[in-house]
Amino acid sequence: MPTSSGNAGPAAQGLEVADVVAGYGGAPVLKGLSLTVSPGQVVAVVGPNGAGKSTLMRAITGTVRISSGIVTIGGVDITKWSSERRSRHGLGYVPQSRDVFDSLTVQENLSMGGYMLPKREVDDRITNVFSLFPSLLPLRTRVASKLSGGERKLLGIGRALVATPTVLLLDEPTASLSPELSKVILTEHVRRLADTGVAVLLVEQKALQALEVSDWAHVLVGGETRISGPSGEVLARRDIREVFLGAAALAIEASTAEDGKRS
Amino acid sequence: MSIVGSSIGFGLITASILAIAAVGFTLQFGVTNILNLAYGDIMTAAAFAAYFATKGGAPLWLAAVAGSLAGAVLSVLLNRFVYSWFARRGAKLFAMIMVTLGASLVVQNGMTAVFGPDFVSLPTSAGTTYQVGPAIFTGPQLAIVALALLAMAGVHSLLRYTRLGQAMRATATNPDLARSCGMATNRIIDAAWLLSGLLCGLAGVALALNLSTFTTGTGGTFLIPVIAAAVLGGIGQPYGAMLGALVIGLATEVSVTVVSPSYKTVVAFAILIVVLLFRPQGILSEVAMAKEIAT
Ligand SMILES: Nc1ncnc2c1ncn2[C@@H]1O[C@H](COP(=O)(O)OP(=O)(O)O)[C@@H](O)[C@H]1O
Ligand SMILES: [Mg+2]
């Protein structure tokens, strides 16, 4: 039962990551990371390229092995669950790249988003996604590989929304988008989604925008949380703006060339 | 009846058998991203299963069912215990093709060791024949044509219109994303091997029936025109596979009126080469895209 104050209740309803160590078989990439996202909250994770932000997302979805620590959703320990079981439990995920099924049409992508729902519910929710992203409607029979970068991202997010997740992970949703569309996605869609009670974990390179739209922020460097706190406070800290966000901003410029690659 | 007329009749039967095999092959490769060179040998194994069923007294239709099921079960087992074992250890496309080549040799030589090198035959029915246009067909031959049409339409509808079929295509393009949509991808892959194996087995039985005698190498030899038909049609396209089968089936049979029958496979091979020259987007692009092998 969510309450507006106190942290045990809401936290147990949303996503909780506790002391997670994870990586790809070599040295761990995440070195004991903890964070909490309550329902209705947007929690931002910012940090330079290679900090381990995407690895954190994959550890939560179950594609990267967690060697110690636990992940809970709605108070249930999902650390040892398969990826598909986690999504059935209400975890939605929009990866940084390869976030749509390229060989499927827009309509088919959306219905795959509702793979675990009854057929008739899927149709209703796809209609909802089309009313949220009306620009996708005329493209419904188009194959996803033929979409523009912006259309693809909307489809990726729409696909995740069809399942109406209780916890949604967004890995750099605005990376390939124009500044205007980025702003719309973050300030309207992401914020509004959280206001409907979804727990949103947002990884962003556009750190300033992410801090403006989020309730809580973590600055991740080298697989560890360097700074965390309410976004307003993090934004106000001089050293953050200069050191970490400066580093992140530089990293953006350095990495725009390799946009679209796996990172 | 003209020679060309009757070879068109033969061509139609060959094309139908090719079509069943090629539709199965295109489903298998399109969904699993594994170019399974043991496909022809599974066809042979299915033909032997049908042969032993008839020896045990089963009627031909029941033997065909047994052969198809054998193809399905063997395909699933081959993937579960051999291919996915290598895929989990990081085998990618070309390494995987070598694994399937190895499997092909093991299956074929294993059958030779167990069943012997002799030619055997399924009992051909002495039942009624049917005149269709210039050609005469037996009952089983007409059944083969009907099953080919059914296989094509069925696989096409499966992939386009059913949730399982869409999930198969989704898993083929992006297995990680498929899992984060809640799909149990290992079961979806199993289903793809099962269905394609069923068609593979059916094609094996049909081939054995049509050739009147067969041996442990029969299916392996037939694989070249099967791949040619699937590539000509574009991988993952059942209607394309059917069309490819029709072209190659008719071309190889009609060529017999001009050149020696022993050149049949050469004709199919020549078509495959021409196809690869003019339609490289078929198989080559699939391989070049370096798609992941889903497990
Ligand atoms: N598939 C992978 N296999 C091995 N190492 C990886 C893989 N993906 C990322 N890494 C490594 O993990 C570290 C963190 O990467 P990532 O989580 O993608 O960072 P970010 O998303 O913050 O840019 C990097 O050093 C990167 O090289
Ligand atoms: Mg990343």
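Worth knowing before you read on, the calculation uses all heavy atoms, side chains too, and leaves out hydrogens, waters and symmetry mates. In the text below, chain A, chain B and the rest are named by the order of the sequence lines, each starting its count at 1.
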Any idea which of A:M116, A:H89, A:E108 has the most non-hydrogen atom pairs under 4.5 angstrom with chain B?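 Most pairs with chain B among the choices: A:E108.
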Can a donor-acceptor pair be found between the side chains of B:T185 and A:E84 at a distance below 3.5 Å?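 There is no such pair between these side chains.
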Without hydrogens or angle criteria, can the side chains of A:Y93 and B:R179 be said to hold a donor-acceptor pair below 3.5 Å?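 Distance-only check fails for A:Y93 and B:R179.
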Salt bridge present between A:R120 and A:D124 (N-O < 4.0 angstrom):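 No, this pair does not count.
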So for [X], is it side chain, backbone, both, or neither that comes closer than 4.5 Å to the heavy atoms of chain B?
X	value
A:R159	side chain
A:L169	neither
A:S111	side chain
A:V162	neither
A:T63	side chain
A:D99	backbone

Return the set of residues passing side chain to side chain donor-acceptor pair (under 3.5 Å) with A:D77 (not counting sequence neighbours), or none when no residue passes.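 For A:D77, the residues satisfying side chain to side chain donor-acceptor pair (under 3.5 Å) (neighbours in sequence not counted) are A:T79.
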Is any side-chain heavy atom of B:L27 less than 4.5 Å from a side-chain heavy atom of B:L159?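 Yes. Closest side-chain heavy atoms under 4.5 Å.
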Could you go step by step and tell me if A:K53 and A:D171 meet the salt bridge (Lys or Arg N to Asp or Glu O under 4.0 Å) rule? CA-CA 8 Å; A:K53 304 183 296 296; A:D171 195 348; over 6 Å; no
